[in-house]
Amino acid sequence: MGNPIAVSKDLSQSAYDHLWMHFTRMSSYENAPVPTIVRGEGTYIYDDKGKKYLDGLAGLFVVQAGHGRQELAEVAAKQAAELAFFPIWSYAHPKAVELAERLAHYAPGDLNKVFFTTGGGEAVETAWKLAKQYHKLNGNHTKYKVISRAVAYHGTPQGALSITGLPALKAPFEPLVPGAHKVPNTNIYRAPIHGDDPEAFGRWCADQIEQEILFEGPETVAAVFLEPVQNAGGCFPPPPGYFQRVREICDQYDVLLVSDEVICAFGRLGTMFACDKFGYIPDIITCAKGMTSGYSPIGAAIVSDRIAEPFYKGDNTFLHGYTFGGHPVSAAVGLANLDIFEREGLNQHVLDNEANFLNTLQKLNDLPIVGDVRGNGFFYGIELVKDKATKESFTDEESERVLYGYVSKKLFEYGLYCRADDRGDPVIQLSPPLISDQATFDEIEGIIRQVLTEAWTKI
């Protein structure tokens, strides 16, 4: 045996040398320190220098119950000591069974079958594969295409990335999986039609899905993938009646409706599943992130009995799975996290405070750089504009210089971790832990106000 490897005391340099960070322009850290977070407590995180930041993004739309929950760590340790791992490939273990039953109980309608993954992208991948095989088992061998929305993000695996509606994210990896088609999203702030009539706009957006199904041929379309509130582009809520119309269209053409709730489930909008917030029942729910509040990774596709039925007959098998899907430790943590939801009433807390959060953020409308504040629950986007009257956005150069070069860095420097994003139009996205209160909202608004006031002078 050789000598043990010495652990570097310079975490930042070691991070640059060895840790390939996700969705990260690595050259940015060639001559600059890598932000290194070492601890979390409640709604705050702390870096390796001891500096405190408000976690305005719940990690990555994940840490619903807040940081530092000792009981979740203890549940993980207890489960690891008892049964650290066993696959659910033709076998079961208690915590996966219990969590599946719990999720089926929370899910609407007849969504009673739970297929576990280790994350959201895998859940989306699962749902597309399942939709295609479901139609084949029913004799519809040409139904394989999927429809999703422009600018929508659905994950990074090849299938999920194909469903994603962000060309810049897909270009390096093309050709992708064929059969993924796009329709307009529900951004009424930039509506091409009916911008002054939310119901008419919602109907128009939904009808674009029908037009795409007819254009491609109903006999070729397997599923429609929609987020309840679209993340990328900056939190687009559905207009009134939108999902009801989409449900009608899917039923008419034998197309599955997949509610991609990787971000929106588990209290982000104040309900366990976001489809309940907007009054529709999908055929499949994809979820992940908040199921464990991030204390251990897990994801799932929750499937209706109707869609699962042909897979439960004869020798039919869904030839799909993940080594760590339904991991015992993650499942145990998920159950304990859902106990916290019920004990502390986290969903009701969001419903009781979502208007206060929105009203606090809407104070920023007095700034010339703020064009729109939108979202739902504890999930909001602030769109930045160059001209409030015309809604003119920034050029690529201005976005690079102002959004990335200034706003993103200053928000963090001033003590707010959130996302400044230009996948679509430039936005600041906010998704704090569900335990946040008015003091949290005020702190977020104060920091953003200071940074955007300064940013306006840089344009």
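Heads up: numbering here begins at 1 and tracks the sequence. No hydrogens, no waters, no symmetry mates; every other heavy atom, side chains included, goes into these values.
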task: Answer yes or no: does atom NZ of Lys78 have more than 12 heavy-atom neighbours from other residues, nucleotides or ligands under 6.0 Å?
output: no
Donor-acceptor pair, side chain of Thr142 and main chain of Glu219, under 3.5 angstrom: yes
query: Hey, what's the ring geometry for Phe243 with Phe278, parallel, tilted or perpendicular (30° and 60° as the breaks)?
result: parallel
message: Under 3.5 Å, is there a donor on one side chain and an acceptor on the other for Ser330 and Tyr295?
response: no
query: Do Leu361 and Ile444 have side-chain heavy atoms sitting under 4.5 Å apart?
result: yes
Side chain to side chain, Pro426 and Tyr404, heavy atoms closer than 4.5 Å: no
- request: Measure from NZ or CZ of Lys113 to the centre of the six-membered ring of Tyr312, then state whether that distance is under 6.0 Å and the direction lies within 45° of the axis.
  value: yes
message: Salt bridge check, Arg306 against Asp110: does any charged N sit closer than 4.0 Å to a carboxylate O?
response: no
Leu54 and Tyr417, any side-chain heavy atoms less than 4.5 Å apart: no
Closest approach of Asn185 to Ala150 (non-hydrogen atoms, all atoms of both residues): ND2-O, 2.8 Å
- prompt: Under 6.0 Å between ring centres, would you say that holds for Phe273 and Tyr106?
  reply: no
- prompt: When you check the side-chain N and O atoms of Asp17 and Gln13, is any donor under 3.5 Å from an acceptor?
  reply: yes
- request: Determine, using ring centers only, whether Phe441 and Phe357 are less than 6.0 Å apart.
  value: yes
message: Looking at Asn359 and Ala355, would you say the former's side chain and the latter's main chain have a donor-acceptor pair under 3.5 Å?
response: yes
- line: Per side chain to side chain contact (heavy atoms under 4.5 Å, CB included), Cys250 is matched among Ile147, Val255, Ile209, Ile213 by Val255
message: Please determine whether salt bridge (Lys or Arg N to Asp or Glu O under 4.0 Å) holds for the pair Arg39 and Asp48, giving the CA-CA distance in whole Å, both sets of side-chain angles, and the decisive distance to 0.1 Å.
response: CA-CA 8 Å; Arg39 185 169 71 87; Asp48 55 346; over 6 Å; no
query: Does Thr126 reach the main-chain N or O of Ala301 with its side chain, forming a donor-acceptor pair under 3.5 Å?
result: no
- prompt: Measuring from Leu137:CG to Ile307:CD1, what's the distance to the nearest 0.5 Å?
  reply: 11.0 Å
Tyr322 ring center within less than 6.0 Å of His320 ring center: yes
field: Inter-residue atom distance Asp437.CG - Asp442.CG, 0.5 Å rounding
entry: 9.0 Å
query: Thinking salt bridges, do Asp47 and Lys49 make one under a 4.0 Å N-O criterion?
result: no
query: Under the salt bridge (Lys or Arg N to Asp or Glu O under 4.0 Å) criterion, do Arg374 and Glu383 qualify, and how do the steps go?
result: CA-CA 8 Å; Arg374 56 182 177 252; Glu383 183 168 336; 2.9 Å; yes
- prompt: Given side chains that start at C-beta, do those of Leu256 and Val224 come closer than 4.5 Å, heavy atoms only?
  reply: no
field: Distance in Å, Ser304 OG paired with Asn112 CG, rounded so as to fall on 0.5 Å steps
entry: 8.5 Å
task: Determine whether the aromatic ring centres of Phe324 and Phe116 lie less than 6.0 Å apart.
output: no
field: No-hydrogen, no-angle side-chain donor-acceptor test under 3.5 Å, Thr220 and Glu216
entry: no
message: Could you go through Tyr280 and Ser259, starting from their C-alpha distance and side-chain angles, then the distance that decides it, and tell me whether this counts as side-chain hydrogen bond (donor to acceptor under 3.5 Å, both in side chains)?
response: CA-CA 9 Å; Tyr280 66 97; Ser259 189; 2.7 Å; yes
- request: Please examine the side chains of Tyr53 and Phe412, heavy atoms only from C-beta on, and report whether any two atoms are closer than 4.5 Å.
  value: yes
field: Pair Phe86 + His327: ring centers closer than 6.0 Å
entry: no
field: Test side-chain contact (heavy atoms from CB on, under 4.5 Å) applied to Thr286 and Glu261, step by step
entry: CA-CA 6 Å; Thr286 54; Glu261 305 198 10; 5.7 Å; no
query: Does the side chain of Leu434 come within less than 4.5 Å of Arg268's, by heavy atoms?
result: yes
query: Does any donor atom in the side chain of Gln429 or Asn231 lie under 3.5 Å from an acceptor atom in the other side chain?
result: yes
field: Ring-ring centroid check Phe318 Phe311, cutoff 6.0 Å
entry: yes
task: Show your working on salt bridge (Lys or Arg N to Asp or Glu O under 4.0 Å) between Lys277 and Glu354 and close with a plain yes or no.
output: CA-CA 13 Å; Lys277 185 81 176 275; Glu354 63 177 337; 3.1 Å; yes
statement: Interatomic distance, CG@Leu176 vs CG@Leu161, rounded to 0.5 Å, equals 5.0 Å
field: CG on Leu358 to CZ on Phe378, rounded to 0.5 Å
entry: 11.5 Å
message: Whether Asp260 and Arg149 form a salt bridge (side-chain N of Lys/Arg under 4.0 Å from carboxylate O of Asp/Glu) is what I want to check.
response: no
- prompt: Between the side chains of Thr360 and Gln438, is a donor N or O closer than 3.5 angstrom to an acceptor N or O?
  reply: yes
query: Just by distance, with hydrogens left out, do Glu227 and Tyr153 show a side-chain donor and acceptor under 3.5 Å apart?
result: no
- request: Assess the side chains of Asn337 and Ser293: does a donor N or O sit below 3.5 Å from an acceptor N or O?
  value: yes
query: Less than 6.0 Å separating the ring centroids of Phe341 and Phe266?
result: no
query: Is a side-chain donor or acceptor of Glu125 paired with a backbone partner of Ala127 at a separation under 3.5 angstrom?
result: no
query: Do NZ/NE/NH1/NH2 and the carboxylate oxygens of Glu344 and Arg69 come within less than 4.0 Å?
result: yes
- request: With side-chain contact (heavy atoms from CB on, under 4.5 Å) as the test, would you mind laying out the steps for Ile302 and Ile284 before giving the verdict?
  value: CA-CA 5 Å; Ile302 307 175; Ile284 302 173; over 6 Å; no
query: When you measure from the centre of the six-membered ring of Phe61, is the NZ or CZ of Lys289 under 6.0 Å away and within 45° of the axis?
result: no
message: Quick test of your reading of the model: are Arg102 and Asp339 salt-bridged, counting only N-O distances below 4.0 Å?
response: yes
- request: For Glu309, enumerate each residue passing the salt bridge (charged side-chain N to carboxylate O under 4.0 Å, His left out) test, keeping only those at least two apart in sequence or located in another chain.
  value: Lys313
- prompt: Got Thr271 and Val350 here, is their nearest side-chain heavy-atom distance under 4.5 Å?
  reply: no
- prompt: Are the side chains of Met291 and Val262 in touch, meaning some heavy atoms are under 4.5 Å apart?
  reply: no
task: Using a strict cut-off of less than 4.0 Å between a Lys/Arg side-chain nitrogen and an Asp/Glu carboxylate oxygen, indicate whether Glu212 and Lys182 qualify as a salt bridge.
output: no
statement: Output for pair (His67 NE2, Leu72 CG), nearest 0.5 Å, gives 12.5 Å
field: Side-chain donor/acceptor of Thr317 to backbone N/O of Leu319, under 3.5 Å
entry: no
